[in-house]
Peer 1: 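Before anything else, here's the structure in question.
Any value given below was found using the heavy atoms of this structure, including those in side chains, with hydrogens, waters and symmetry copies removed. The chain is numbered in sequence order, starting from 1. All ligand and atom numbering here is 1-based and tracks the order in the structure.
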Amino acid sequence: MRIACIGGGPAGLYFAISMKLRDPSHEIEVFERNAPGVTFGWGVVFSDQTVENITRNDPVSARTITDELAHWDDIDVHIRGETITSGGHGFIGIGRKRMLEILQDRARELGVTLTFEAECDPADPKWRDYDLVIASDGLNSRFRNATPEAFGVDVDVRKNKFVWLGINKAFEAFTFAFEETEHGWIWAHAYRFAPDFSTFIVECSEEVWRAIGFDAMSQEESIAKCEQLFAKYLDGHKLESNAAHLRGSAAWLNFPRVKCVRWSTGNVILLGDAAHTAHFSIGSGTKLALEDAIKLAEVLNRDGLSLEAAMDEYVAERNLEVLKLQNSARNSTEWFETLDRYLHFEPLQFAYSLLTRSQRISHENLRLRDREWLEGVERWFWKRATDGKSNKTAPPMFAPLKLREMTVENRITVSPMAMYSAVDGVPNDFHFVHLGERALGGAGLVFTEMTCVSPEGRISPGCTGLWNDEQVAAWKRIVDFVHINSKAKLCLQLGHSGAKGSTKLGWEGNDLPLDDGNWPVMSASDLAWSPVNQVPRAMTRADMDDVRDQFVAATRMAIDCGFDMVELHAAHGYLLSSFITPLQNRRTDEYGGSLENRLRYPLEVFAAMRAAWPSDRPMSVRISATDWAGEDGVTPDEAVEIGEAFAREGADLIDVSAGQTWAEQQPVYGRMFQTPFSDRIRNEGRLATMAVGNIYEPDHANSILAAGRADLVALARPHLVDPMWTLRAAAQLDYRDIHIPPQYLNGMSQLARNLKREAEMAAALRV
Ligand SMILES: Cc1cc2nc3c(=O)[nH]c(=O)nc-3n(C[C@H](O)[C@H](O)[C@H](O)COP(=O)(O)OP(=O)(O)OC[C@H]3O[C@@H](n4cnc5c(N)ncnc54)[C@H](O)[C@@H]3O)c2cc1C
Ligand SMILES: Cc1cc2nc3c(=O)[nH]c(=O)nc-3n(C[C@H](O)[C@H](O)[C@H](O)COP(=O)(O)O)c2cc1C
């Protein structure tokens with residue numbers, strides 16, 4: 001094949017090499033606009049995995065690269081005069097310039113033609129003469145931008161400003177240096193890539209950048225200012241920029257996140273940064289470029305594969321990898337963009353939060369990297385959780401939490417789950433066993449399902465309720481069992497279904513109206529939940545009084561039942577949520593319109609319940625922190641205000657769920673996918689929160705808690721199949737101090753022994 005590679009960056013060069021290695025008869029030309037040796041940036045970081053991949057692909061260039069790699073293990077986080085050092089991170093890096101020299105030499109050796117100082121124009125007809133044109137022309141790719149619609153390009157220009165500098169000094173650790181100026185915070189990411197040279201990236205928010213005056217400075221002045229701000233880290237060395245040699249390159253940039261729906265059109269194929277970017281803070285751009293190149297060369301040389309099939313396989317496989325990395329990159333980018341949220345943390349927790357920001361590194365990963373450091377974090381967590389009384393080194397999930405006078409033994413919660421198994425709202429033996437069993441399973445806090453304050457407030461005929469004495473007696477039996485036989489605290493979730501009421505049991509069809517026996521429903525406005533649901537009555541003030549009083553009556557009955565805590569369900573599109581979300585609330589009175597108005601009634605209900613509930617017992621509220629509807633619905637920003645408003649009325653905990661507030665929602669689903677909302681509410685609003693949503697491993701829980709992203713962690717579905725989730729986690733993590741029902745002691749010690757033996761065997765096999 002006759003192939004042109006536009007751009008002599010890592011992607012173009014490595015693709016040329018990989019093609020020639022597979023079939024020397026390919027004619028490959030690489031065109032680079034800059035002269036050899038002129039490049040932006042300084043060092044690039046690799047992972048061991050990338051080194052393995054390039055070694056398998058081309059041992060020759062890999063050997064030269066690995067011979068020159070700089071290695072380092074520690075990360076230093078400097079903040080507020082403290083340095084937090086954690087080890088075992090195992091980075092490797094090389095100068096970009098040196099890497100490109102190695103790749104250029106190797107490409108020439110294999111017969112690739114390299115042409116420098118050749119600016120390529122996508123409109124030039126000569127590109128039609130090539131079988132393939134590889135657009136490896138970087139993130140501002142002219143070849144991609146010539147027909148953006150053909151590739152489905154999506155560029156998201158990120159908020160922060162950064163400048164990529166170098167310094168003739170070896171930083172012994174990967175260094176994050178955070179400095180407070182009179183205008184706000186600015187920070188540097190610095191890492192060594194040669195014996196005496198390091199990359200030094202300076203980053204700050206646009207506001208701080210303007211306030212410092214960088215917008216009006218020349219490149220030299222900017223660098224001088226950075227030298228002054230970071231003087232204590234530079235040991236008198238100068239910061240240097242090489243952006244000056246580059247065409248069209250400014251000193252300060254905003255990072256563009258690039259995504260493409262399609263990676264080829266006609267004879268043009270996108271490769272590397274032209275197709276996608278990650279973010280400099282997770283340093284994976286070069287890795288992606290090299291791995292793209294390997295994969296593309298492999299599919300293009302596979303016998304019997306048409307060009308179309310080869311492209312399909314290239315895109316399918318690479319896109320998945322890219323999406324995973326872009327997900328981590330987004331988390332990391334956002335962490336730095338919302339740094340203000342974490343600046344009140346103590347330095348140790350701040351460093352932990354920084355290290356786990358992308359969610360690729362978890363609590364147990366950190367233990368493997370640096371056990372001693374991680375144990376220091378655990379001790380710190382326990383000390384804080386116990387007002388300095390405990391010096392324990394143990395996973396954060398087992399630390400107690402005090403809310404008013406209630407102390408939960410550990411941070412794991414059984415999330416509320418409707419069981420659709422009650423008759424006339426009365427919990428029965430099913431609920432007794434279901435809740436009792438989960439309480440025996442070790443969770444610190446167990447929630448009841450949404451228990452409805454009136455027969456009409458039920459979602460389905462199978463929902464539990466609390467409006468009569470029979471229900472009080474049935475709940476009391478359950479509460480007593482839990483209190484006598486476990487250490488778990490029991491929280492009653494109270495709710496009213498609103499427009500989502502009068503529907504079938506969960507497993508008979510989601511939100512579908514009953515075949516017969518439907519009861520009239522009401523909501524904030526007369527909007528049906530979906531075309532098949534009935535149109536609710538828009539609540540009158542008299543209805544609002546009635547429902548508020550029903551919530552208060554149920555709260556009083558909860559005292560008789562002996563519950564430890566009560567939660568108001570104001571999420572998921574049910575009655576109170578229908579007031580909060582603009583998607584369901586079309587009222588024109590003082591209960592509709594602004595967020596303040598939409599919150600008025602839910603807050604009134606909450607305040608009335610709070611007044612009825614004993615002041616030594618805590619209350620929480622469940623909210624949907626986003627409607628997954630962009631600016632048309634509740635936004636995560638507003639969720640902070642919502643949390644704060646309930647806290648002002650006496651909520652001790654915000655239970656942060658999301659969505660289910662309109663029938664057409666498109667949630668962005670994934671591991672721990674709602675935790676960022678909890679993080680935001682907790683750290684912007686300085687409120688206690690509970691995170692929920694696809695959290696299923698003890699490691700998730702510990703990472704969330706230690707990073708200060710929530711105070712409690714709730715699991716719903718994992719508890720459906722494993723009531724003993726918390727006890728199992730204790731056995732797995734070898735934590736002995738948890739309350740184990742005496743009847744189950746033998747089982748626990750056997751499980752702990754077996755798990756330990758398995759872990760030892762696995763470790764021995766790894767060695
Ligand atoms: C601040 C910062 C730090 C980074 N740190 C790391 C890191 O630590 N580790 C890491 O792996 N990645 C890092 N990256 C990302 C990395 O630089 C890129 O992801 C990687 O270089 C992508 O390779 P590429 O070949 O696709 O693109 P590039 O390296 O951008 O190469 C494209 C080449 O095409 C040339 N070109 C462009 N247009 C034309 C044209 N019309 N005609 C001719 N030539 C053209 C350019 O001059 C350039 O040489 C970082 C990026 C930034 C911005
Ligand atoms: C069967 C089932 C019933 C649920 N019922 C309720 C409920 O009554 N009240 C509530 O607030 N959330 C309810 N939820 C939502 C869960 O509490 C939880 O927020 C959600 O399932 C996400 O957590 P998970 O990923 O751990 O399952 C229910 C979830 C399930 C699976």
Side-chain angles (χ1 to χ4, degrees), residues 5-15 30-34 38-47 50 91 93-94 96 99-100 115-122 135-143 162-165 189 191 193 199 201 203 246-249 253 255-256 270-290 292-293 413-420 447-451 459 463-464 493 495 506-507 567 569-572 574 622 655-658 660 669 672-674 691-696 713-720:
C5 294
I6 315 299
L13 289 169
Y14 205 63
F15 171 75
V30 176
F31 299 93
E32 167 57 46
R33 59 154 65 127
N34 286 309
V38 175
T39 178
F40 70 89
W42 302 92
V44 293
V45 185
F46 280 163
S47 66
T50 312
F91 291 102
I94 186 168
R96 175 177 161 96
M99 185 181 68
L100 292 181
T115 311
F116 290 93
E117 297 181 80
E119 174 71 41
C120 303
D121 180 354
S136 45
D137 49 349
L139 62 88
N140 296 316
S141 169
R142 284 182 71 187
F143 279 67
F162 74 96
V163 60
W164 199 357
L165 304 171
H189 315 230
Y191 50 91
F193 62 83
T199 297
I201 301 168
E203 185 183 3
L246 289 172
R247 301 184 37 170
S249 182
L253 301 166
F255 193 88
L270 302 182
L271 195 70
D273 271 15
H276 48 68
T277 56
H279 188 249
F280 62 84
S281 65
I282 66 160
S284 296
T286 305
K287 163 198 159 71
L288 287 178
L290 298 179
D292 278 1
T413 294
V414 177
S415 199
M417 280 182 286
M419 291 289 112
Y420 306 101
F447 275 69
T448 69
E449 64 194 79
M450 175 169 120
T451 296
I459 307 167
C463 289
T464 54
Q493 188 188 57
W507 52 85
E567 173 167 285
H569 195 340
H572 301 170
Y574 297 115
R622 178 165 264 207
D655 174 359
V656 187
S657 187
Q660 300 175 53
Y669 197 71
M672 303 184 267
F673 72 117
Q674 293 171 165
V692 65
N694 214 16
I695 300 166
Y696 50 90
V713 170
L715 292 81
R717 288 162 298 172
H719 275 120
L720 283 181

Peer 1: Tell me, which protein residue and heavy-atom name are nearest atom 13 (C) of ligand 2, and how many Å apart are they?
Peer 2: P416 O, 3.0 Å

Peer 1: Where do A274 and S141 come nearest, in terms of heavy atoms and distance?
Peer 2: CB-CB, 3.6 Å

Peer 1: For T199 versus F193, what's the shortest heavy-atom pair and its separation?
Peer 2: OG1-CD2, 3.4 Å

Peer 1: Mind checking whether N694 and M672 have side chains closer than 4.5 Å, heavy atoms only?
Peer 2: no

Peer 1: Give the single entry among G43, C5, C120, G7 that approaches atom 42 (N) of ligand 1 most closely by any heavy atom.
Peer 2: C120

Peer 1: Hey, does the side chain of S136 reach the backbone of G8 with a donor-acceptor pair shorter than 3.5 angstrom?
Peer 2: no

Peer 1: Any N/O of V45 closer than 3.5 Å to an N/O of ligand 1?
Peer 2: yes

Peer 1: Passes ring pair (Phe, Tyr, Trp, His ring centres under 6.0 Å), F162 versus F280? Steps please.
Peer 2: CA-CA 10 Å; F162 74 96; F280 62 84; 4.4 Å; yes

Peer 1: Is it the side chain (CB and beyond), the backbone, both or neither of A118 that lies under 4.0 Å from ligand 1, heavy atoms counted?
Peer 2: backbone

Peer 1: Considering only heavy atoms of R96, which atoms of ligand 1 have at least one such atom less than 4.0 Å away?
Peer 2: 17 (O), 21 (O), 28 (P), 29 (O), 31 (O)

Peer 1: Which ligand 1 atoms, with their elements, are less than 4.0 angstrom from a heavy-atom of F31?
Peer 2: 43 (C), 44 (N)

Peer 1: For atom 1 (C) of ligand 2, what is the closest protein heavy atom, and at what distance to 0.1 Å?
Peer 2: A418 O, 3.9 Å

Peer 1: Where does H572 meet ligand 2, judged by heavy-atom distances below 4.0 Å: at the side chain, the backbone, both, or neither?
Peer 2: side chain

Peer 1: For the residue pair S657 / H572, report whether a side-chain donor-acceptor contact shorter than 3.5 Å exists.
Peer 2: yes

Peer 1: As an exercise, identify every atom of ligand 1 less than 4.0 angstrom from a heavy atom of W164.
Peer 2: 1 (C), 2 (C), 3 (C), 4 (C), 5 (N), 50 (C), 51 (C), 52 (C), 53 (C)

Peer 1: Please identify which atoms of ligand 1 are closer than 4.0 Å to at least one heavy atom of G272.
Peer 2: 26 (O)

Peer 1: Of all the non-hydrogen atoms in the protein, which one sits nearest to atom 31 (C) of ligand 2, and at what distance?
Peer 2: R717 CG, 3.5 Å

Peer 1: Look at the side chain of Y191 and the backbone N and O of F91, then say whether any donor-acceptor pair between them is shorter than 3.5 Å.
Peer 2: no

Peer 1: Using a strict cut-off of 4.0 Å, indicate which atoms of ligand 1 neighbour a heavy atom of D137.
Peer 2: 32 (C), 34 (O), 37 (C), 38 (N), 39 (C)

Peer 1: Looking at L715 and H719, what are the two nearest heavy atoms and their distance?
Peer 2: O-ND1, 2.8 Å

Peer 1: Roughly how far, to the nearest 0.5 Å, is CD of Q493 from CG of D655?
Peer 2: 7.0 Å

Peer 1: For I695 and ligand 2, does the shortest N/O to N/O distance drop below 3.5 Å?
Peer 2: no

Peer 1: Considering only heavy atoms, which of M450, Q660, R622 lies nearest to atom 10 (C) of ligand 2?
Peer 2: R622

Peer 1: Give the atom numbers and elements of ligand 1 that come within less than 4.0 Å of a heavy atom of Y191.
Peer 2: 5 (N), 8 (O)

Peer 1: Identify, for atom 26 (O) of ligand 2, the protein heavy atom at the shortest distance, and state residue, atom and that distance.
Peer 2: A716 N, 2.8 Å

Peer 1: Ligand 1 versus K287, non-hydrogen atoms closer than 4.0 Å: side chain, backbone, both, neither?
Peer 2: backbone

Peer 1: Test your reading of the model: is there a side-chain donor-acceptor pair from S284 to the backbone of K287, 3.5 Å cut-off?
Peer 2: no

Peer 1: Which of the numbered atoms in ligand 1 are below 4.0 angstrom from a heavy atom of G138?
Peer 2: 27 (O), 30 (O), 32 (C)

Peer 1: Quick one: look up the protein heavy atom nearest atom 22 (C) of ligand 2 and list residue, atom name and how far away it is.
Peer 2: G693 CA, 3.8 Å

Peer 1: Looking only at heavy atoms, is any part of N34 under 4.0 Å from ligand 1, and if so is it the side chain, the backbone, or both, or is it neither?
Peer 2: side chain

Peer 1: Going by heavy atoms in the side chains, are C5 and F31 under 4.5 Å from each other?
Peer 2: no

Peer 1: Quick check: V692 and ligand 2, any N/O pair under 3.5 Å apart?
Peer 2: no

Peer 1: Below 4.0 angstrom from a heavy atom of L715, which ligand 2 atoms are there? Numbered from 1 as shown, please.
Peer 2: 26 (O)

Peer 1: Against ligand 1, does F162 come closer than 4.0 Å with any heavy atom?
Peer 2: yes

Peer 1: Mind checking whether S657 has an N or O less than 3.5 Å away from an N or O of ligand 2?
Peer 2: no

Peer 1: Rounded to the nearest 0.5 Å, how far does CG of D137 lie from SG of C120?
Peer 2: 8.0 Å

Peer 1: Please list the nearest protein heavy atom to atom 9 (N) of ligand 2 with its residue and the distance rounded to 0.1 Å.
Peer 2: Q493 OE1, 2.8 Å

Peer 1: Does a side-chain heavy-atom distance below 4.5 Å link S281 with H189?
Peer 2: yes

Peer 1: Rounded to the nearest 0.5 Å, how far does CD1 of I459 lie from OH of Y574?
Peer 2: 3.5 Å

Peer 1: Of all the heavy atoms in F46, does at least one lie under 4.0 Å from an atom in ligand 1?
Peer 2: no

Peer 1: To the closest 0.5 Å, what do you measure between OG1 (T286) and CG (L100)?
Peer 2: 8.5 Å

Peer 1: Are any of the N/O atoms in F255 less than 3.5 Å from those in ligand 1?
Peer 2: no

Peer 1: Going by atom types alone, do S415 and R622 pair a side-chain donor with an acceptor below 3.5 Å?
Peer 2: yes

Peer 1: What do we get for Q674 next to ligand 2 when only non-hydrogen atoms under 4.0 Å count, side chain, backbone, both or neither?
Peer 2: neither

Peer 1: Is it the side chain (CB and beyond), the backbone, both or neither of A571 that lies under 4.0 Å from ligand 2, heavy atoms counted?
Peer 2: neither

Peer 1: For ligand 1, indicate whether the residue R142 contacts it via side chain, backbone, both or neither (heavy-atom separation under 4.0 Å).
Peer 2: side chain

Peer 1: Is the shortest side-chain heavy-atom distance between L720 and M419 below 4.5 Å?
Peer 2: yes

Peer 1: Closest approach of Q674 and V656, non-hydrogen atoms and distance?
Peer 2: NE2-O, 4.2 Å

Peer 1: As a check for students: among T286, L139, L288, identify the option with a heavy atom nearest to atom 13 (C) of ligand 1.
Peer 2: T286

Peer 1: At what distance is the nearest protein heavy atom to atom 30 (C) of ligand 2, and which residue and atom is it?
Peer 2: M417 CG, 3.8 Å

Peer 1: So does R96 get a backbone contact from the side chain of W42, meaning a donor-acceptor N/O pair under 3.5 Å?
Peer 2: no

Peer 1: Considering the heavy atoms of P718, write down every atom of ligand 2 situated less than 4.0 Å from one of them.
Peer 2: 26 (O)

Peer 1: Please classify the S136 to ligand 1 contact at 4.0 Å (heavy-atom distances, strictly less than): side chain, backbone, both or neither.
Peer 2: backbone

Peer 1: Nearest 0.5 Å, what's the OG1-CD distance between T464 and E449?
Peer 2: 3.5 Å

Peer 1: For ligand 2, is there an N or O atom under 3.5 Å from any N or O atom of E449?
Peer 2: no

Peer 1: Please confirm whether L720 comes within less than 3.5 Å of ligand 2 when only nitrogen or oxygen atoms on both sides are compared.
Peer 2: no

Peer 1: Where on P10 is there a heavy atom closer than 4.0 Å to ligand 1, on the side chain, on the backbone, on both, or on neither?
Peer 2: both

Peer 1: How long is the straight-line distance from CZ of F255 back to CH2 of W164, given to the nearest 0.5 Å?
Peer 2: 9.0 Å

Peer 1: Which of the atoms in ligand 2, numbered in the order shown and given with their element, are less than 4.0 Å from a heavy-atom of S415?
Peer 2: 16 (C), 17 (O), 18 (C), 19 (O)

